[in-house]
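Read through the structure below, which is laid out as structure tokens, and then see the notes.
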There are 2 protein chains.
Amino acid sequence: MGTRAETAAATRRALVRAATELLDEGGPDAVTLRAVGARAGVSRGAPYGHFTHKEHLLTRLAIDTWDALADDVRRLREDDGREPRERLEQALLALVELGRRHPHRYALMFGTPADDPESAAAASRVEEQFLALVTDAVGEQDALRYGALLMSGAHGIAGLELSGHLSEDKWQVSGDELVRMLVEGVAGNVP
Amino acid sequence: MGTRAETAAATRRALVRAATELLDEGGPDAVTLRAVGARAGVSRGAPYGHFTHKEHLLTRLAIDTWDALADDVRRLREDDGREPRERLEQALLALVELGRRHPHRYALMFGTPADDPESAAAASRVEEQFLALVTDAVGEQDALRYGALLMSGAHGIAGLELSGHLSEDKWQVSGDELVRMLVEGVAGNVP
DNA sequence: GATTTCGTGTGACGTTGTCATACGAACTAC
DNA sequence: GTAGTTCGTATGACAACGTCACACGAAATC
């Protein structure tokens, strides 16, 4: 890492890593450019050499999370040992689980309208992977409609869990069970 | 409005009103206590006489929106001219429509875990009203589970619409159609 | 070896949330 | 009616933040 381009790329990675850690540990308020710079071992102004403004850095975090999710779903798709419907259910559970494990990243992904084209592309890759699973499970006919319904359902379950509006005490049902009911209700009607 | 208590209450109302307008017009970033004070005709420090901190004021906005939604659903419930399933569908559509009409208020309601007990109570009132509609449509048995699933579905549809991940061009289906599919799939199985 | 490039450090500015303090008018008690 | 109290409001101040302008210095280019 002697060359300048290499150290600059390393700094950029360190910035993204620091921002991710700060977000996971302390939520969005903890992600200040000063703190990010400090944790990455650079000054408070250094991020501006790599990102135009703070939101640009946050968008990068969202893209990375989208991409990681796309990889997870892709791996699920390549697992031939399961029934299509079970793989579909696993993919929806992966989204809900992402919300549980990294709530602030999840909020970042869906928080604000994705105006950034790169972010939209990353989200599209997840949707493509997911849509293929839906097609395997319910057939090509109406896969789009069912896919939209399933994604909405899973996203709603994740969202209500995150905002604390899906207490198991109150509704007598867990998020995982809701995902199963969702798949059953949608894919069960289309044999 | 001569007495002091009256003018203070009027100021408080003006602050809430100003904050609501600023939120609707310019999103969360536009809601600064200075701007709220200015629009309400008071100084930047005046809000601290009525709310402990900024988040307290925002929580009040969320509660008011929850209460307005509860009223809407209650009115729907008292409309005896419709089939139970249609009223249920209307209630879910009301949630989605709230997201469309007041996206920033919607984000406020579900944005952060509702730690405030008053806010949780307001949300509970909506859930009670909604649960009664579900019971009318699918019976008392498993109404809780189906209610949770329907709420999740509607919330997910609203959320994906707000974040731009439910483009009709891509999925060949509108949010309203998804709500209908959701009610059909859930309430249709329980005659 | 001289010059250019560019990632980085630093100072500065405006804005924001929040607190301490001071003012003044409405309320209370005599 | 007057004196004292209460409390909503106005103002000054402070730290933290995002962001820009500028300067420095080492790597890259010739």
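Just so we're on the same page: letters track the sequence lines, and every chain starts at 1.
Contact between the side-chain N/O atoms of B:His53 and the OP1/OP2 oxygens of C:dC19 is not found at any separation under 4.0 Å. Between B:Thr32 and the phosphate of C:dT15, there is no side-chain N or O to OP1/OP2 separation shorter than 4.0 Å. Between B:Thr11 and D:dT9 there is a side-chain N or O to OP1 or OP2 distance below 4.0 Å.
If you check every strand for non-hydrogen atoms under 4.0 Å, B:Val36 touches nothing.
Between the side chains of B:Lys54 and B:Thr32, no donor-acceptor pair is found at a separation under 3.5 Å.
Taking the six-membered ring for Trp and the full ring otherwise, the centers of A:Trp66 and B:His165 sit less than 6.0 Å from each other.
A straight line from CG of A:Leu33 to P of D:dG18 spans 5 Å, rounded to a whole angstrom. Rounded to a whole Å, the NE2 atom of A:His50 is 6 Å from the C1' atom of C:dG7. We find that NZ of A:Lys54 is positioned 12 Å from C1' of D:dT19, with the value rounded to whole Å. Taking atom CG on A:Leu57 and atom P on D:dG18, their separation rounds to 10 Å, with Å as the unit. In this structure, B:Asp29 atom CG and C:dG17 atom P are separated by 10 Å, rounded to whole Å.
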Point to revise | Worked check of ring pair (Phe, Tyr, Trp, His ring centres under 6.0 Å) between B:His56 and B:Tyr48 | key: CA-CA 10 Å; B:His56 187 203; B:Tyr48 287 95; over 10 Å; no
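Map B:Arg34 and B:Arg12 each onto its nearest nucleotide of DNA chain D; the residue landing nearer the 5' end is B:Arg12.
When each of C:dT10, C:dG7, C:dT18 is scored by its nearest atom to the side-chain atoms of B:Arg44, the top-ranked nucleotide is C:dT18.
Under a hydrophobic clustering in which Ile, Leu, Val, Met, Phe, Trp and Tyr are joined whenever their side-chain heavy atoms come within less than 4.5 Å, directly or via other members, B:Leu76 and B:Leu131 fall into different clusters.
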